[in-house]
> 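First, the structure itself, so that you have it in front of you.
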Amino acid sequence: MKFKSITGTRDILPEEQPYWRFIEKKLYDITTLYNYMRVDPPIFEETGLFLRGVGETTDIVEKEMYTFQDKGGNSLTLRPEFTAGIMRLYIENGFHTRPKPVKLFSVGPIFRYERPQAGRFRQHTQFNVEALGELDPLVDVEVMSIAWQLYKELGFSGIEFQLNSTGCPQCRPAYISKLTDYYRDHFDEICKDCQRRLDQNPLRLLDCKVETCQPFIENAPIIGEHLCEECQKHFTALKTYLDILQRPYKINHKLVRGLDYYTKTVFEVWARGIGSQSAMCGGGRYDGLVEQLGGPPTPGIGFGSGIERIILSMKEQNITPEPLPAPKVYIVHNGLEARHLALNIVFDLREEKIAAILGFGDRSFKSQLRDANRQDADFAVLIGEDEVKNNILTVKNLRTGEQKSVAGNELVTFF
RNA sequence: GUGGGUGUAGCUCAGUUGGUUAGAGCACCAGAUUGUGGCUCUGGAGGUCACGGGUUCAAUUCCCGCCACUCACCCCA
């Protein structure tokens with residue numbers, strides 16, 4: 001029987017690891033700079049948490065969750081996003097007693113049962129940031145700036161936010177009824193998907209890609225013109241702060257997000273090279289979510305960024321991460337006594353924190369040296385009969401071809 | 001869930017207008033005066049031509065099914 005990786009999952013091979021290390025290092029550095037604390041909720045939670053947190057009518061809940069029953073008969077779900085789990089963590093651990101805002105980040109796998117395609121997988125990895133307990137739009141800018149600085153330091157140019165406000169429970173219902181009234185007048189002219197959206201997810205009407213629907217989108221009522229005073233004020237302040245910091249953004253009236261919990265600010269960062277997907281990062285404010293999950297009223301804002309999409313986009317823009325360090329020394333040996341000596345040497349070097357590889361098997365000098373070259377070692381230490389007899393080692397610089405004799409007890413200090 | 005494309009060596013791909021030993025490049029292993037890599041040359045190993053069925057004297061090639069991969073829609077990081 002031959003086993004294969006599951007549809008929509010992939011192996012991260014050594015060749016791709018430099019990207020991961022590079023990105024991980026950057027996001028640890030940046031979250032430290034901004035004073036965000038790492039939390040790691042479990043990968044699975046009670047199914048009900050996501051039903052309530054993400055929204056029962058969202059696509060994620062309706063058709064994309066990896067839900068299963070454990071042996072105790074509980075319905076569990078592999079997390080399809082981070083936020084709900086973080087909210088649970090916040091409530092369960094009494095984080096509302098900590099100084100506000102509570103600033104958190106997480107990194108880890110996310111699972112959604114979708115048809116895989118370019119830039120989309122059933123298991124992907126997200127970098128997730130949340131700031132809880134503060135309504136001030138200054139927090140919105142700070143959270144957005146984490147994404148901004150990350151992408152900048154990774155080497156991206158031309159980063160720009162797509163920005164919108166989707167209102168709040170005060171003003172959104174009125175807007176939605178305006179929008180649906182407008183669309184009902186054109187019901188026979190819009191595409192099938194839009195006819196369905198009209199009932200199930202009206203905001204998404206604005207996101208339709210079908211050619212014939214575009215004119216209706218252009219003429220649809222704009223949410224920005226229907227915000228309540230508080231949302232309007234928040235949005236204006238946010239834009240001012242973004243201007244001050246010179247973070248490029250584009251107001252996108254059509255930007256809506258698929259999860260139910262968003263209020264006020266929503267934003268995305270778009271990238272090329274990720275197939276027909278556009279967002280490398282998506283997030284927004286969710287001021288009612290903690291309360292909805294049984295916690296105290298707590299505003300919050302956050303985003304998720306897909307690491308796989310970042311990597312795809314880096315490749316598309318020819319951004320190369322710094323390479324992982326190559327091994328320094330390769331120990332080539334021939335003969336039983338040489339083998340015993342080599343064994344000691346390789347571990348001595350490693351104890352001194354010098355990266356060393358030992359040739360294995362009964363292979364010729366030639367074969368071992370070829371291996372040393374292939375593994376990109378800087379030096380080869382050659383140990384054969386002569387070296388054993390005289391307790392002198394031959395050290396060859398594999399970059400220059402230069403060769404030197406070094407006394408056995410001086411080897412460690414040689415490097 | 002829906003639609004298009006593709007499945008031949010570890011990887012990237014040729015190829016067979018149906019014919020019995022299925023090819024290349026890269027990678028791998030070994031050798032080119034016996035203890036010296038990278039370049040070059042020579043040789044070697046490696047494939048149930050995704051899987052199942054059908055047509056045929058004969059199928060990797062044609063037909064059907066199935067699975068997988070892939071791209072796109074829905075939706076999303």
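Numbers restart at 1 for each chain; the letters A, B, ... are given by sequence-line order, proteins then strands.
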> Sticking with atom C1', work out how far B/G25 lies from B/C62, rounded to a whole angstrom.
30 Å
> State, without any angle test, whether A/Y36 and A/E130 hold a side-chain donor-acceptor pair at a distance under 3.5 Å.
no
> Check whether any side-chain N or O of A/R399 sits under 4.0 Å from OP1 or OP2 of B/G37, and answer yes or no.
no
> Quick check on B/C29: is either OP1 or OP2 less than 4.0 Å from any side-chain nitrogen or oxygen of A/R374?
yes
> Output the single nucleotide from B/C74, B/G38, B/U36 whose closest atom is nearest the side chain of A/T394.
B/U36
> OP1 or OP2 of B/U36 less than 4.0 angstrom from a side-chain nitrogen or oxygen of A/K396, does that happen here?
no
> Is A/S276 near enough to B/C73 that one of its side-chain N or O atoms lies under 4.0 angstrom from OP1 or OP2?
yes
> Can you confirm whether A/Q162 sits close enough to A/K254 that some side-chain heavy atom of one is under 4.5 Å from a side-chain heavy atom of the other?
no
> Would you classify A/E385 as touching base, sugar-phosphate or nothing, given that sugar-phosphate means primed atoms plus P, OP1 and OP2, and contacts are heavy atoms under 4.0 Å?
base
> Using a 4.0 Å heavy-atom cut-off across all strands, classify A/Y330 as base, sugar-phosphate, or nothing.
nothing
> Should A/R79 and A/E45 count as an ion pair when the cut-off is N to O under 4.0 Å?
no
> Considering only B/C75, B/G37, B/C69, which nucleotide approaches the side chain of A/E64 most closely?
B/C75
> Just call it for A/D386: base, sugar-phosphate, or nothing, with non-hydrogen atoms closer than 4.0 Å on any strand.
base
> Please give the distance between the C1' atoms of B/A24 and B/G15 as a whole number of Å.
10 Å
> For A/A279, which contact category applies under a 4.0 Å heavy-atom criterion: base, sugar-phosphate, or nothing?
sugar-phosphate
> Under a 3.5 Å cut-off for both contacts, is B/C73 paired Watson-Crick or G-U wobble with anything, and if yes, with which nucleotide?
B/G1
> Do the side chain of A/Q368 and the base of B/U36 come within less than 3.5 angstrom through a donor-acceptor pair of N or O atoms?
no
> Would one find a side-chain N or O of A/K209 under 4.0 angstrom from OP1 or OP2 of B/C74?
yes
> Name the nucleic acid region contacted by A/G275, choosing base, sugar-phosphate or nothing; use a 4.0 angstrom heavy-atom cut-off, strictly under.
sugar-phosphate
> What nucleic acid atoms does A/T7 come within less than 4.0 Å of, heavy atoms only: base, sugar-phosphate, or nothing?
sugar-phosphate
> On the six-membered ring of A/Y175, is A/R172 placed so that its NZ or CZ lies under 6.0 angstrom from the centre and within 45° of the ring axis?
no
> Could you check A/R196 against A/A118 and say which one's nearest nucleotide on RNA chain B is further toward the 5' end?
A/A118
> Looking at B/A72, I'd like to know if its phosphate oxygens (OP1 or OP2) sit under 4.0 Å from a side-chain N or O belonging to A/Q117.
yes
> Just by distance, with hydrogens left out, do A/D140 and A/Y241 show a side-chain donor and acceptor under 3.5 Å apart?
no
> Nearest to the side chain of A/R115 - B/A77, B/C74, B/G1?
B/G1
> Between A/R10 and B/C69, is there a side-chain N or O to OP1/OP2 distance below 4.0 Å?
no
> Using the P atoms only, state how far B/U60 lies from B/U17, rounded to an integer number of Å.
15 Å
> Does NZ or CZ of A/R350 lie under 6.0 Å from the centre of the six-membered ring of A/F347, at an angle within 45° of the ring axis?
yes
> Within the modelled atom types, does a donor on one side and an acceptor on the other bring the side chain of A/K63 and the base of B/C74 under 3.5 Å apart?
yes
